Amino acid sequence: MKETYFPQEIEKKWQKIWQDNNSFKTSDDSDKPKYYALSMFPYPSGKLHMGHVRNYTITDVIARHKRMNGYNVLHPIGWDSFGLPAENAAMKHGANPETWTDENIKYMTKQLKMLGLSYDWDREVTTCKPDYYKWTQWLFLQLYKKGLVYKKEAAVNWCEECGTVLANEQVIDGKCWRCDHVVEKKYLSQWFLKITDYAEVLLDDLDKLTGWGDNVKTMQANWIGKSQGAILKFKVVEKDIEIPVYTTRPDTAYGITYLVVAPEYKDIEALTTPENKEAVEAYRANARKMTEIERLSTERIKTGVPLGTHCKNPFTGEVFPLWTADYALAEYGTGAVMAVPTHDTRDFEFAKKYNLPMKVVIVPEGSEEKPLSEAYTQDGVMVNSNEFNGMKNTEAKKAITQKAVKGGFGEFKTQYRLRDWLISRQRYWGAPIPVVYCEKCGIQPVPEEQLPVLLPTDVDFSVVGKSPITTSKTFVETTCPVCGGKARRETDTMDTFVCSSWYYLRYSDAKNDKMPFDREKVNKWLPVDQYVGGIEHAILHLLYSRFFTKALRDIGLLDFDEPFKNLLTQGMVLKDGSKMSKSKGNTVDPDEIFENYGADTARLFILSDSPPARDFDWSDAGVEGCYKFLNRVWRLIATNSENIINDYKIEFPLSKENDNLVRAVHIAIKGISADIENDFQFNTVISKYRELVNTIYDRCSLKKIVSDEDKNVLSFAIITLLKLMAPVSVHLCEEAWYQLGNNTSIHDEMWPRYDENLAKASSITLVVQINGKVKDKIEADESSTEEELKNIALASPKIKELMQGKTIIKTIVVPKKLVNIVIK
RNA sequence: GCCCUGGUGGCGGAAUCGGUAGACGCGUCGGACUUAAAAUCCGGUUGAGGUUAAACUCAGUGCCAGUUCAAGUCUGGCCCAGGGCACCA
């Protein structure tokens, strides 16, 4: 065995063997329990980055560890390959998006194989291929039939840079999630998925997801934004119009002093008197001009104008003015707000500015009514509210709403922030929405047997201001599936998040050409046992996928209601304290690391310095350190290879029960197994590899390995080390295993077992404290009784000295650990 | 403003139940080997005081209190950093 470690040589050799043998193919028929390990599939942008390396290494180690523990593991990969970058590249270089995408997939596949990932490549899925998007379209039709798809004219988010609309979830701080361009409002007719039908269950079922972090769950809960309150209806005095408002504070209904409608409110023109028309029109025009960012700024002073008309408070008979102000949002609730300046900070601010009256209706318990310098928004006792006076406001919420229900001017109402998912995109490179518009029959879904609706190839990518797909005559002009007459095909394609909302289901049956997946297979493999990916998908992808799973269950395509049982959100990969990015110029190219150090070093390092969920700071010195460690492991095996016996025997009980190396191996197996079970703490797993290697080196340097027993113990230690390291250092361990004379794969070996009695030190260090401070440490027998430990402690010369002239108040003995003597 | 994370040496980070704070590594310092360097191997490395050297002493896990024989860990109140949401009535 060569004493020098040549990773590049070893890695190439085994990668070829694994590929030729299809070593990681997963069988659907196996007696073993199933385990589904999944990484979020990549967008084929061109090259892998370190975030990918981290993500896929983590999942790969999990998959390999489970395989060694007797599971039938599904560990697939695929490509989220529709999307704008391909189309932009096509426009820039005059190429076809498909060619660009295919080339990227080819290159990145090569890189994934160089990383030594144990994928079942037979299940690869590519969302931009007709054999996949056919089923995306098919699923769209099933949702359509179920009434979960609709088209409507609405104010939508428009990104001029991308030339398309965006879902609410894709607008970050008023800007486009992809290009950072400011998002505008446009009125367009677009396709929506009714995710709001599932708002309640998407929220409730978060409780079932015990394997998800609280951070992700709260983000989803906040996004769904459930609130409970009431709808109260107000009659307009001057017109025959009723204005409903949504409020979470019906308890303040007796304190209303004005009412606000959004500038976009549907009845606003009818509610405006001729004298106020000019001012209102000007205000509305100005509101339209403002960007979302300007309008949402909390720094901005609130503005508004009166409409000139009035409303009547059904509780009090009081009449108060109607205003329009842009702090009322058209899209939330009813678009109208009842204003109670005394108990709402926004209304208070507004009323102050425009000198509108205020009326206190809640006071802190046990205190008198007095003028307010700011809104009182806490709980208290009702005043100035007729029959509700003296009641706690928390009770009045219900009581006042009940009064409104009885009087026919209100009802209980649960409101969500979540909006329906806008899936139309005015782009070419996406799955075509399978719908046609017939002059006679209207909107008609494409019949299932006509799927897939293929993307056209006679397309002019150089057009500006409209989707390239509209330039294809063969695509746009079609016939109606109902009457056979002239019809026009829908030119919008689907948001790529639709494609990625079901790909994890397709892996269970990736080659099915009759259905998106076989029901039995999907139920066998799903839910995903461990999902690994970036936190940036906390809302978008994870919420959409949960929605899809629930909707498909209700349609009857599958039998589970949550797709991802456990979720690990990995931290970012940083360099010099900030996120690796091309613009900062602090990226590290995985190819260079593979070339200079090998994939095993990259894998080891990316797992070693931080727990998976935390951010990871890349350092060149750290890479170097890991490379040295692998060299050290290799040297350890190479220099001892003639002393390593594959069929070593260690008799239990050991002839030398106190052999510290045997114990160290058992301790390592126990500790490493536990660290993996406990949230995949690979950083401590690796520190335990190092500890074990150090202990083996100590043994070899302290004594010559000559006797059979020495050889047995050393062989046990080294072979166990190789098995423990096999999931991480996949090539090195395979090669060493082979060099030691094995003709099987180490990756088919069983994970080592440990003996509880040997997985601990042979003696204990007794800590002796006086008044809680450590004063002495004494080696003691592990089996000592509490009384014996106490006596050992008291017999210590140091302790004796410190106790002179003092009296013992009490002695605490923690078995096998510590004695604390309390003295005065 | 609200919500979620986190705060431990020069650095990344360890520390099942409250029970030896700083595992393991990086960096650094010293030693061995070498003509020399690299590589490798061995050892020191929280701070302050103390000693020829040790022993030893004190302080120490963002801050302030509390519970306890004992607190990085539990409780209450703050401060700071990162992330999310935000005129959602």
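Lettering follows sequence order; numbering is per chain, from 1. Note that this is a predicted model, so its numbers are computed, not measured.
Residue-level contact check: Val822(A) touches the backbone only, with heavy atoms under 4.0 Å from sugar-phosphate atoms and none from bases. At a threshold of 4.0 angstrom between heavy atoms, the contacts of Lys688(A) with the nucleic acid are absent. Base engagement by Asn820(A) is indicated by at least one non-hydrogen atom pair under 4.0 Å involving a base atom. Using a 4.0 Å heavy-atom distance criterion, Gln415(A) is classed as making no nucleic acid contact. Using a 4.0 Å heavy-atom criterion, one finds that Arg690(A) contacts the sugar-phosphate atoms exclusively.
Side-chain proximity of Thr684(A) to the nucleotides rA89(B), rG25(B), rA14(B) is greatest for rA14(B). Listed nucleotides rU20(B), rA86(B), rG19(B) differ in distance to Arg417(A); the shortest reach to its side chain belongs to rA86(B). The Ala328(A) side chain lies nearest to rA89(B) when the options are rA89(B), rC58(B), rC17(B). Taking only side-chain atoms of Val337(A), from C-beta outward, the nucleotide of rU5(B), rC3(B), rA89(B) with the closest atom is rA89(B). For Tyr246(A), whose side chain is taken as the heavy atoms from C-beta onward, the closest listed nucleotide among rG13(B), rC26(B), rA89(B) is rA89(B). Taking only side-chain atoms of Gln681(A), from C-beta outward, the nucleotide of rC4(B), rC85(B), rA15(B) with the closest atom is rA15(B). Candidate nucleotides rG12(B), rA21(B), rA14(B) were compared by shortest atom distance to the side chain of Asn683(A), and rA14(B) ranks first. Distances were taken from every side-chain heavy atom of Val767(A) (C-beta onward) to each of rC26(B), rU20(B), rA89(B); the shortest belongs to rU20(B). The Met219(A) side chain lies nearest to rG84(B) when the options are rG84(B), rC17(B), rU20(B). The listed nucleotides are rG25(B), rC85(B), rU20(B); the one nearest the side chain of Thr765(A) is rU20(B).
Ile686(A) places its CD1 atom 12 Å from the P atom of rA14(B), with the value rounded to the nearest Å. Look at OH on Tyr416(A): it is 17 Å from C1' on rA89(B), rounded to the nearest Å.
Between Tyr332(A) and Tyr246(A), the angle of the ring planes goes over 60°, which puts this pair in the perpendicular group of the 30/60° scheme.
Distances shorter than 4.0 Å separate some side-chain N or O of Lys798(A) from OP1 or OP2 on rC56(B). For Tyr332(A) and rA89(B), the shortest distance from a side-chain N or O to OP1 or OP2 is below 4.0 Å.
When each of Phe682(A), Tyr627(A), Phe616(A), Phe629(A) is paired with Phe605(A), the ring-ring contact (aromatic ring centres under 6.0 Å, His included) condition holds for Phe616(A) and for no other.
Taking for each of Phe616(A) and Gly225(A) the nucleotide of RNA chain B with the nearest heavy atom, the 5'-most of the two is the partner of Phe616(A). The 5' end of RNA chain B is approached more closely, in terms of each residue's nearest nucleotide, by Lys810(A) than by the other of Lys810(A) and Met572(A).
Taking the six-membered ring for Trp, Phe234(A) and Phe409(A) have ring centres at least 6.0 Å apart.
Between Glu264(A) and Arg284(A) there is no salt bridge, since no side-chain N of the basic residue sits under 4.0 Å from a carboxylate O of the acidic one.
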> If the sugar-phosphate is the primed atoms plus P, OP1 and OP2 and the base is the rest, what is the B/S/- string for nucleotides 39-49 of chain B, using protein heavy atoms under 4.0 Å?
Replying inline: -SSS-------

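The same atom, P, is picked in rA23(B) and in rG47(B); the two are 13 Å apart, to the nearest Å.
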